[in-house]
Amino acid sequence: MAFSLAGAVWPSSLLGEEHGPAPDPGRAHLLCLGDWGTNTHPEQQTATAEAMRMWTDRQKIRPEALLMLGDNWYGDLDGGVSSKRWQTGFEQMYPASHFPGPVYAVLGNHDYEKRGSNKAEAELAYAKQGGSRWQMPAKWYSFQFPEKNPLVTFLCLDSNVPGTKGFDWLPWSYVMSHDEAAEQDAWLREQLSKPRDTPFVVATAHHPLYSNGGHGDNALLIRKWDALFRDHKLDMYLTGHDHDLQHLEFAEHPTSFVISGGGGAELVKWSRPPESRGPWGSRVLGFTDLEVSEETMIVRHIGTQAQVVHAFQRNRAGEVKVLA
């Protein structure tokens, strides 16, 4: 599959300065990041979190929500819902003073690891007990953004489906059950078949379908979901998993593919050069700002100096324009 935006260029070095149109504080903003809950590189998670606060301060943005794209907890989560990591690695790391709105989350492969406590079940339970911004009502669910006068419907998926690991048959398998996967697929088809009641529809999960990152393309998810995305003209598929920032577009494909896996985990090598399939990718820490209006979505990848490293705009007709 080939990059489809004729005439667009791949910026070779955008670090250290801002590019493209300035963010509009009057529009709805949602910040996204994946692969953030590292237990081995806390300085990298802190750097990205500080950049998020710096970005909102500089741009005078008040994000209405955060979206966590999985691998929320690496390593042990001792004590489950009572773990001290909830405070140090989440509540205080992304403080309500800057991010007062709900924090929606999906499950990554590291969240399924059964180390001490069952982390996936602990994340669901932490949301259920209340008293936090953390939102995960089920392994798959939907929400509309912003809450008042919504512009985007988000379909939050669990991409840890059977077949994604070579040891799914083991009792401690790091995936959802076959029954859960079938139930989720039926739900996704139902949701995509509904008449739209927001200008945009975005699906989000941990694993990409297509990626130039270290994990490469996911053949299983392509078989399961790509035709659905095409048939229903899904606007965007937003993921993490690969520890980098990416934006992929393909000829004759209605969906934009965005990867925001720079939340703090160690950076990894490319599976293919990012310039070979784009329009853009960079092996950097960072997060993503999604700015939404009635007519457009603007996606900005932001580095750890709170600088725009890539940006593009997508309108309701599905036309994509690279801004930076």
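Just so you know, these numbers use all the heavy atoms, side chains as well, and skip hydrogens, waters and symmetry mates.
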For the student: nearest non-hydrogen atoms of [X] and [Y], plus distance:
X    : Y    : answer
F200 : S293 : CE1-O, 3.6 Å
G281 : P274 : O-CB, 3.8 Å
P63  : T56  : CG-CG2, 3.6 Å
A122 : V81  : O-CG1, 3.5 Å
W225 : S159 : CH2-CA, 4.0 Å
S211 : D217 : N-OD1, 2.9 Å

Donor-acceptor side-chain pairing of [X] and [Y] below 3.5 angstrom:
X    : Y    : value
W36  : N72  : yes
Q59  : D289 : no
N315 : Q313 : no
E266 : T40  : no
N118 : Y112 : no
E91  : S132 : yes
N109 : H206 : yes
Y141 : D158 : no
N218 : H241 : no
Y74  : Q45  : no
Q144 : T153 : yes

[X] versus [Y]: any side-chain heavy-atom pair under 4.5 Å?
X    : Y    : answer
C156 : M136 : no
E43  : T46  : no
W73  : E123 : yes
Y104 : T204 : no

Taking 4.0 angstrom as the limit, do [X] and [Y] come out as a salt bridge?
X    : Y    : result
R196 : D235 : yes
R314 : E319 : no
E294 : R316 : yes
R53  : D57  : no

Going hydrophobic residue to hydrophobic residue with side-chain gaps under 4.5 angstrom, can you get from [X] over to [Y]?
X    : Y    : result
L66  : F90  : yes
V299 : V292 : yes
L107 : W134 : yes
L30  : I298 : no
L285 : M54  : no

Would you say the rings of H247 and F312 are close, in the sense that their centroids are separated by under 6.0 Å? yes

The single option from L33, L69, L67 that satisfies side-chain contact (heavy atoms from CB on, under 4.5 Å) with F287 is L33

